[in-house]
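Read the numbers this way: they start at 1 and go in the same order the structure lists the ligands and their atoms. Side chains included, hydrogens not; waters and symmetry mates left out as well; all remaining heavy atoms used. Bear in mind the structure is a predicted one, so any value in this text is a computation, not a measurement.
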Amino acid sequence: MKNIVILISGGGSNMAAIVKASQRDHWADTLGARVAAVISNKADAAGLEFARSQGIATQVLDHKAYPDRAAFDAALAQCIDVFDTPEHPVLVVLAGFMRILTPGFVNHYAGRLVNIHPSLLPAFAGLNTHQRAIDAGCKVAGATVHLVTPELDHGPILAQAVVPVLPGDTAELLAARVLTQEHLIYPQAVFELLLKA
Ligand code: GRF
């Protein structure tokens, strides 16, 4: 059995989409994989409630309780590695996890750490992607699933989805349109990664 550990900071709608896909498509039988845990750096992340309602182990690790980024990442890796054994290798899925991770952490999970970013990478790495796409006059926007490497939002691309930027779009409207596509491509990309693993 492969253990999927999902890291969130907020709403957790991408996490929920992955959990639902794993249930609907019987990943335990087809892939030998299950969502083993959801970890949040924020105690009030709405997604935690959904995870608990699905019987998934949850944990809160408040980054503010650690002196620096390296200390937080070390504690985070300890939590994750509870689910990482030779019989149960872990896949770490970042789903709206709003923390920059240290190279040490990223390298520890090389090839088994994925992220979704709400832009068509390599365009608009970083924050405020939707407003930046609107301001640049883009006619399309989208989302990218990628392997995580030490350089922020730069790892090998696994999947992308494209949506139109419509006249009069606000960042909120565009974000909502992109998010519907994120919920489709992220579970599919995780499925394909597990299939290859
Ligand atoms: C998503 O747009 C994701 O791409 C970005 O933050 C948002 C998180 O949404 N990194 P959710 O927490 O999955 O609902």
Side-chain angles (χ1 to χ4, degrees), residues 4-24 35 37-54 56 58-63 73 76 91-101 105-106 109 113-136 138 140-166 169-193:
I4 304 165
V5 174
I6 306 182
L7 308 189
I8 65 169
S9 296
S13 67
N14 278 294
M15 174 273 294
I18 292 167
V19 169
K20 286 177 192 162
S22 74
Q23 295 165 346
R24 183 193 62 219
V35 178
V38 171
I39 301 174
S40 172
N41 65 312
K42 301 224 172 187
D44 60 356
L48 287 170
E49 199 44 54
F50 171 81
R52 288 187 197 113
S53 76
Q54 302 303 301
I56 298 168
T58 61
Q59 192 152 356
V60 174
L61 207 63
D62 182 356
H63 60 275
D73 282 8
L76 184 59
L91 174 70
V92 183
V93 174
L94 307 180
F97 186 64
M98 302 305 285
R99 299 286 308 162
I100 292 174
L101 295 161
F105 181 97
V106 170
Y109 299 105
L113 178 59
V114 287
N115 182 42
I116 190 157
H117 182 76
S119 79
L120 293 172
L121 290 174
F124 308 123
L127 296 174
N128 301 322
T129 56
H130 305 103
Q131 190 60 52
R132 287 160 65 204
I134 291 168
D135 292 347
C138 295
V140 294
T144 304
V145 180
H146 65 97
L147 287 174
V148 178
T149 54
E151 196 182 350
L152 185 70
D153 298 331
H154 272 77
I157 291 171
L158 301 176
Q160 287 185 308
V162 179
V163 303
V165 179
L166 299 177
D169 257 352
T170 60
E172 290 71 28
L173 286 170
L174 181 56
R177 194 174 308 124
V178 170
L179 194 59
T180 61
Q181 297 305 306
E182 295 184 42
H183 297 162
L184 300 177
I185 63 169
Y186 210 4
Q188 182 63 29
V190 168
F191 177 87
E192 284 167 19
L193 202 58

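Scanning all heavy atoms of the two residues, the minimum distance from Leu152 to Gly126 falls at CD2-CA, 4.5 Å.
For residues 172-181, the salt bridge (Lys or Arg N to Asp or Glu O under 4.0 Å) pairs, not counting sequence neighbours, are Asp169-Arg177. A side-chain hydrogen bond (donor to acceptor under 3.5 Å, both in side chains) check over residues 123-132, counting only residues at least two apart or in different chains, returns the pairs Gln131-Asp135.
Counting heavy atoms from C-beta outward, Leu76 and Phe97 have side chains that approach closer than 4.5 Å. Looking at Val38 and Leu7, their side chains never come closer than 4.5 Å, going by heavy atoms from C-beta outward.
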Could you pull out every donor-acceptor pair under 3.5 Å between side chains of residues 12-21 and any protein atom, sequence neighbours left out?
from: Ser13; atom 1: OG; to: His183; atom 2: NE2; distance (Å): 2.7
from: Asn14; atom 1: ND2; to: Glu182; atom 2: OE1; distance (Å): 3.0

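Protein residues lining ligand 1, listed by chain and number: Gly11, Gly12, Ser13, Asn14, Gly96, Ile116, Pro118, Leu179, Glu182 [non-hydrogen atoms, distance under 4.0 Å].
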